[in-house]
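What you see is a predicted model; the values in this text were computed from it and never measured.
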Amino acid sequence: MFRRAVRLDLHEDELLAGGGLDDANRRLRELRDRQRRCAADLSHELRTPLTALRTRLEDARSHPEDAILPALLEQTLGDVDRLESIVTDLLLLTRLRAAEPGSTMRLDLGRLVRDEASLQSWGCGVHLSLRPGVVVEVAEDLVRRALANLLDNAVRHARTRVRVEVRRGKGTGELLVTDDGDGIPRGQWERVFDPFYRLDAARSRAQGGPGLGLTIAREIAEAHGGGLQVRDSPAPGAFFLLWLPLARSD
């Protein structure tokens, strides 16, 4: 069921075979730069909570008379939660990139979106336009995760409203998620899917996201033979389009 799209994670011999030498060298440089950025970002994301955790524990050991146990436990558990979230997301990415098979079922995409939207704590107005009968065959837990990541991203960046639409494309079920936030500059449409990349690093990190939500959402879509892209928005804000192949007729 799961299929992988070929992107920049090609082997070097495949890159060399895919075009001219200059083009292959450029693509290899881009791949290596991307891998270096990812490794540096991962190191930073892991070091931040680890450093905070060590600092708090060492302070408590050096000055036990000043330590307030309930507050210390609350802070250290927060650091552990962040580490656990990063590790869990990385394991999921590894599973997706290994194209491990999973059980799938036929699901109405609109109904799935409505169910997932009902679990969100909305901080803005949300409009749902969900066409019924758009049936896809997917691993439910994975697609729910992709939906949750897209909805969470839209709500965090919206000023006043989010719009979620399900429609039928040419052989695909399409999910459109738009918000009225600051939007995404065209030059960063692809970079937002890089692991740990943030348009506003300080604000995103303060809000608790490890920076893997959009990466995971795209990997899930591609694992099902679909995709996820940023598209031009007719209004201010960001516009994400996720698509999945329609289920075959019985």
Side-chain angles (χ1 to χ4, degrees), residues 1-5 7-9 34-57 72-105 107 112-113 115-123 138-157 175 177 191-224 226-228 240 242 244:
M1 174 60 200
F2 291 99
R3 290 161 285 182
R4 298 294 302 134
R7 300 204 318 276
L8 282 177
D9 50 357
R34 182 176 176 180
Q35 290 173 335
R36 281 194 292 267
R37 287 198 305 269
C38 183
D41 290 342
L42 173 59
S43 175
H44 177 74
E45 292 295 332
L46 292 173
R47 282 179 178 273
T48 299
L50 281 173
T51 300
L53 186 61
R54 172 175 287 277
T55 299
R56 293 188 178 105
L57 293 175
L72 176 63
L73 291 175
E74 187 69 23
Q75 292 170 338
T76 53
L77 283 174
D79 295 329
V80 171
D81 286 344
R82 180 170 179 80
L83 285 168
E84 185 178 28
S85 175
I86 294 172
V87 171
T88 299
D89 284 352
L90 288 172
L91 288 173
L92 176 56
L93 281 175
T94 300
R95 171 189 168 191
L96 292 168
R97 290 175 177 178
E100 293 181 1
S103 59
T104 62
M105 62 181 67
L107 293 170
L112 195 64
V113 172
D115 289 347
E116 190 60 41
S118 68
L119 302 176
Q120 293 274 346
S121 298
W122 300 106
V138 295
E140 181 177 5
D141 61 328
L142 293 180
V143 173
R144 281 190 180 274
R145 177 64 184 277
L147 297 177
N149 288 0
L150 284 174
L151 294 173
D152 177 69
N153 179 76
V155 170
R156 283 191 293 111
H157 292 93
L175 172 69
V177 180
R191 287 210 64 193
V192 296
F193 297 107
D194 287 348
F196 306 112
Y197 181 74
R198 296 178 176 90
L199 289 172
D200 185 343
R203 185 177 73 168
S204 296
R205 191 168 286 112
Q207 291 175 339
L212 288 168
L214 293 177
T215 308
I216 289 174
R218 171 177 268 192
E219 293 280 347
I220 289 172
E222 292 183 347
H224 288 85
L228 173 62
F240 288 88
L242 181 148
L244 299 165

Inter-residue atom distance [X].[atom1] - [Y].[atom2], 0.5 Å rounding:
{"X": "L77", "Y": "L72", "atom1": "CG", "atom2": "CG", "result": "9.0 Å"}
{"X": "Q75", "Y": "D79", "atom1": "CD", "atom2": "CG", "result": "8.0 Å"}
{"X": "L242", "Y": "E222", "atom1": "CG", "atom2": "CD", "result": "10.0 Å"}
{"X": "L228", "Y": "N149", "atom1": "CG", "atom2": "CG", "result": "10.0 Å"}
{"X": "I86", "Y": "D81", "atom1": "CD1", "atom2": "CG", "result": "11.5 Å"}
{"X": "R144", "Y": "L151", "atom1": "CZ", "atom2": "CG", "result": "11.5 Å"}

| query | Is a side-chain N or O of T55 found less than 3.5 angstrom from the main chain of T51, in a donor-acceptor match? | reply | yes
Would you name the heavy atoms of [X] and [Y] that are closest together and state the gap between them?
{"X": "V143", "Y": "L112", "answer": "CG1-CD2, 3.6 Å"}
{"X": "P195", "Y": "L212", "answer": "CB-CD2, 3.7 Å"}
{"X": "T104", "Y": "A139", "answer": "CG2-N, 3.8 Å"}
{"X": "A148", "Y": "E116", "answer": "CB-OE2, 3.5 Å"}

| query | Under the side chain to side chain contact (heavy atoms under 4.5 Å, CB included) criterion, do L150 and L214 qualify, and how do the steps go? | reply | CA-CA 7 Å; L150 284 174; L214 293 177; 3.9 Å; yes
| query | Are any non-hydrogen side-chain atoms of V177 and N153 less than 4.5 angstrom apart? | reply | no
| said: Between D152 and R156, does any side-chain N to carboxylate O distance fall below 4.0 Å? | reply: yes
